[in-house]
Amino acid sequence: MNNTSSKIDKIFTSFMDNHLFKNKFVLQLSYTPETIPHRDEQIEQIASILAPVLKGERTSNLFIYGKTGTGKTLSMQFIRNELLKRGGKDDLVIEYVNCKLKKVSDTEYRILAELIKKLGGSVPATGLPTDQVYNKFIELIDNKKKLIILIFDEIDHAVNKLSDNFLYNLTRLNGELVNSQISIVGISNNITFLDNLDPRVKSSLSEEELVFPPYNALQLRDILTERAKKAFNESVLDDGVIAKCAAFAAREHGDARRALDLLRIAGELAERNNLKKVSLGDIDLANEKIEREKILDIVRTEPKQFQLVLLAIIKLIDEQKLEEIFTGDVYNAYQELCEQTKNEVLTQRRIGDVLSEFDMMGLINSSVISKGRQGRMRKIKLAIPNQLKLKVREILFDSLSL
DNA sequence: CGAGATTCATGTGAAGTATACCTTTAGGCTTAA
DNA sequence: AAGCCTAAAGGTATACTTCACATGAATCTCGTA
């Protein structure tokens with residue numbers, strides 16, 4: 001008893017003694033730094049586009065693109081704070097909605113409801129016809145002179161789900177407002193998003209457009225250096241640690257979020273192992289860990305049929321000790337597996353699609369080859385590293401209750 | 001021997017179907033005036 | 001009467017099926033040298 005508690009004591013004290021992190025929060029997503037390196041140009045542009053609100057004029061609608069982790073959201077939040085600071089009074093309203101958060105705001109109704117709530121009104125969670133919600137919304141914002149900027153983050157998600165009617169209504173709203181005026185800022189990481197939009201919406205939504213390019217390794221390094229200064233204690237990072245994080249993330253389309261995750265997880269790993277410093281090796285470990293979690297997560301959340309197909313592939317490759325297998329083999333193995341587990345068997349057509357989705361997700365590598373008289377098929381290789389295969393199998397067995 | 005036709009096993013696209021999940025609507029019930 | 005709830009009705013996205021046609025190189029066919 002005493003022994004255990006002293007052990008635990010040891011763990012805790014050594015944990016407390018180990019001061020790798022000064023403030024881990026700085027590396028978290030929700031942290032908003034005071035400065036945003038290498039986004040000066042974009043921020044200036046946004047600022048000059050939105051500046052008219054300070055003089056009480058309506059601004060152009062703005063549309064922002066850029067891949068994940070290029071600082072779109074961050075810059076926009078930054079500008080929002082600055083504008084609110086200067087604009088002061090309640091005649092300037094800037095609301096931010098993330099359209100991707102499921103269950104909160106991914107339908108027209110919910111987005112409106114959320115906006116109304118933020119503006120101080122209230123609507124029942126369900127039941128009202130949409131046009132009434134519109135009316136309520138209009139009433140709420142139009143009761144006195146206001147300038148309103150609505151920021152829709154991850155707007156592409158919403159539009160896929162609820163037709164572009166919503167945007168059309170919003171862009172047209174200005175005509176119905178007597179006192180107030182609305183500007184819309186859309187943020188999307190899908191560059192092709194605008195193309196399959198109603199042309200009317202397209203033109204009015206993208207009065208101004210702005211692209212956030214991916215960070216390159218050097219810029220990522222600056223960002224990391226800055227954050228690391230606040231997040232870690234002095235000289236706990238080995239030389240080159242930051243550069244390596246940056247390089248890894250730059251390879252993944254310059255995703256700053258990824259870079260920060262890498263650094264944080266490397267730090268956590270080092271801390272857990274009671275190391276005094278974060279070394280280059282820890283970055284590799286962190287990278288593996290992220291990669292691993294990603295794969296396991298995909299596997300875990302995949303629907304049953306997908307899991308069956310994946311298991312069929314893994315079994316085939318293991319049992320036959322082959323590197324590559326072909327569509328037909330997979331389908332047969334899959335069929336057997338279905339019978340064994342009493343699941344219904346999908347058509348070959350569908351399995352073909354499942355396989356190409358696996359390819360997209362990076363679970364397998366496949367290419368279509370023709371073997372002449374032996375027909376045409378996908379040549380399939382498993383892209384899951386060997387050490388992970390067991391774990392993946394475990395998850396599959398578990399979730400298919402085998 | 002070689003050009004062109006054939007063939008295989010599946011890729012790929014379009015269109016249709018079943019299903020689950022939403023939103024809308026209408027009717028009925030409750031509540032407060 | 002107004003407000004609220006609920007069940008049915010109507011809509012829509014998703015997951016799948018069916019049908020139809022496309023592919024591309026090994027193989028076959030057959031005319032020709």
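Lettering of chains follows the sequences in order, A, B, ..., and the numbering in each one begins at 1.
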Item checked: A:Glu302 vs A:Leu363 side-chain heavy atoms within contact, under 4.5 Å -> no
Check: Touch check for A:Val345, heavy atoms < 4.0 angstrom, all strands: base, sugar-phosphate only, or nothing?
Finding: sugar-phosphate
Margin query: With heavy-atom distances below 4.5 Å as the criterion, would you say the side chains of A:His38 and A:Tyr215 are in contact?
Written below: yes
Check: Counting just side-chain N and O atoms, does A:Thr347 come under 4.0 Å of either OP1 or OP2 of C:dT17?
Finding: yes
Next item on the list: Would you check if A:Lys315 and A:Leu337 make a side-chain contact, meaning some heavy-atom pair closer than 4.5 Å?
Entry: yes
Check: So does A:Glu271 pair up with A:Lys276, basic N to acidic O under 4.0 Å?
Finding: no
Notebook entry, point to check: Are side-chain heavy atoms of A:Thr347 and A:Arg350 found at a separation under 4.5 Å?
Noted result: yes
Check: Can you tell which of A:Ile313, A:Leu382, A:Ile364 makes a side-chain contact (heavy atoms from CB on, under 4.5 Å) with A:Ile325?
Finding: A:Ile313
Check: Would you call A:Asp261-A:Arg257 a salt bridge at under 4.0 Å N-O?
Finding: no
Next item on the list: Find the distance A:Leu346:CG to B:dT17:C1' and express it as a whole number of Å.
Entry: 15 Å
Margin query: Tell me whether A:Arg86 is salt-bridged to A:Glu82, with the criterion being a basic N under 4.0 Å from an acidic carboxylate O.
Written below: yes
Next item on the list: Figure out the CZ/P separation between A:Arg350 and C:dT14, and round it to whole Å.
Entry: 12 Å
Item checked: Sugar-phosphate or base contact per nucleotide [nucleotides 8-14 of chain B; S, B, -; heavy atom under 4.0 Å] -> BBSSBB-
Item checked: A:Asp282 and A:Lys277 ion-paired at < 4.0 Å -> no
Pairs: protein N or O with nucleotides 18-21 of chain B N or O, under 3.5 Å:
none

Next item on the list: Can you tell me the distance, in whole Å, between the NZ atom of A:Lys371 and the C1' atom of C:dA25?
Entry: 12 Å
Note to self: Tell me which residues in residues 330-344 of chain A lie within less than 4.0 Å of DNA chain B, going by non-hydrogen atoms.
What the structure shows: none
Notebook entry, point to check: With distance as the sole test, does A:Asn61 use its side chain to make a donor-acceptor pair with the main-chain N or O of A:Ile184 at under 3.5 Å?
Noted result: yes
Checklist line | Side-chain ion pair, A:Asp359 and A:Arg378, N-O less than 4.0 Å | finding: no
